[in-house]
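As structure tokens, the structure follows; a few thoughts come after it.
Positions are given from 1, in the same order as the sequence printed here.
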Amino acid sequence: MAVQRALVCLAAIAMLFQLAMAANHTVGAAGGGWDTSTDLQAWAVSQTFSVGDNLIFKYTTNHDVLEVTKANYDSCGTSNPMKTHTGGNTMIPLSTPGKRYFICGSMTLWPRNED
């Protein structure tokens with residue numbers, strides 16, 4: 001029983017440590033850059049993302065951040081986003097591993113790549 005309790009405590013400490021290690025990634029640059037003048041693809045490949053990190057989008061309020069499927073991303077489809085964020089300052093937690101796709105509903109900002 002004592003060993004089991006110790007393992008549970010170690011697991012809890014490891015989870016807390018992982019949360020404390022979470023990083024905030026301001027999309028585009030430290031001051032923001034969710035715009036057409038920023039090479040967002042180059043920015044993204046220069047980052048190391050982990051579960052528990054956050055993406056921070058800074059943009060003017062006449063724009064938005066849409067999370068879309070890969071198919072909608074590839075076709076620049078904005079009519080059926082999975083999530084819509086507005087307001088000019090959006091934090092999106094990375095709570096699961098995997099690729100996620102974001103576009104602006106006013107204009108597509110992320111360069112498309114063929115992967």
Side-chain angles (χ1 to χ4, degrees):
M1 186 66 144
V3 172
Q4 187 178 21
R5 195 174 302 158
L7 288 175
V8 170
C9 286
L10 284 174
I13 290 169
M15 285 188 282
L16 289 173
F17 184 71
Q18 182 180 5
L19 290 175
M21 298 293 294
N24 289 329
H25 302 274
T26 301
V27 174
W34 179 241
D35 57 43
T36 56
S37 67
T38 303
D39 185 347
L40 294 168
Q41 188 168 356
W43 173 83
V45 297
S46 73
Q47 304 296 304
T48 301
F49 302 104
S50 299
V51 172
D53 288 356
N54 298 300
L55 292 179
I56 309 237
F57 291 85
K58 295 183 180 185
Y59 50 98
T60 59
T61 56
N62 60 324
H63 290 279
D64 54 17
V65 176
L66 306 180
E67 184 165 2
V68 297
T69 63
K70 182 175 184 340
N72 280 350
Y73 174 83
D74 289 342
S75 68
C76 297
T78 60
S79 62
N80 193 23
M82 297 163 28
K83 293 182 184 171
T84 300
H85 305 277
T86 60
N89 193 18
T90 298
M91 182 174 73
I92 298 175
L94 300 177
S95 55
T96 57
K99 290 185 179 182
R100 295 174 70 178
Y101 300 90
F102 301 94
I103 59 178
C104 174
S106 301
M107 64 185 343
T108 302
L109 299 175
W110 283 83
R112 294 186 346 187
N113 60 9
E114 308 300 321
D115 55 328

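One hydrophobic cluster, built from ILVMFWY side chains closer than 4.5 Å, holds both Trp43 and Ile92. Hydrophobic clustering, with ILVMFWY side chains joined whenever heavy atoms are under 4.5 angstrom apart, keeps Ile56 apart from Tyr101.
Considering OH of Tyr59 and OG1 of Thr90, their distance stands at 2.5 Å, rounded to 0.5 Å. Here the CG atom belonging to Asn54 is positioned 10.0 Å from the OG1 atom belonging to Thr26, to the nearest 0.5 angstrom. With rounding to the nearest 0.5 angstrom, the CG atom of Leu55 is 9.5 Å from the NE2 atom of His85. Taken from OG1 in Thr86 to CG in Leu66, the straight-line distance is 10.0 Å, to the nearest 0.5 Å. Taking CG of Leu94 as the reference point, atom CG of Asn24 lies at 10.0 Å (rounded to 0.5 Å). Taking NZ from Lys83 and CZ from Arg100, the interatomic distance works out to 5.5 Å, rounded to the nearest 0.5 Å.
Of all the heavy atoms in Thr84 and Pro81, the pair that sits closest is OG1-CG, 3.4 Å. The two residues Val68 and Asn72 come nearest to each other via the heavy atoms CB-CB, 3.8 Å. Closest approach of His63 and Ser106 over heavy atoms only: ND1-CB, 3.5 Å. Contact between Ala22 and Gly52 at its shortest, heavy atoms only, is CB-O, 3.0 Å. Across all their heavy atoms, Val51 and Pro97 have their closest contact at CG2-N, 3.5 Å.
Counting only N and O atoms by type, the side chains of His25 and Asp53 include a donor and acceptor under 3.5 Å apart.
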side-chain contact (heavy atoms from CB on, under 4.5 Å) between Lys70 and Lys99, intermediate numbers included: CA-CA 9 Å; Lys70 182 175 184 340; Lys99 290 185 179 182; over 6 Å; no
Intermediate values then yes/no, side-chain contact (heavy atoms from CB on, under 4.5 Å), Asp64 and Cys104: CA-CA 5 Å; Asp64 54 17; Cys104 174; 3.8 Å; yes
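A centroid separation of less than 6.0 Å is found between the aromatic rings of Phe102 and Phe57.
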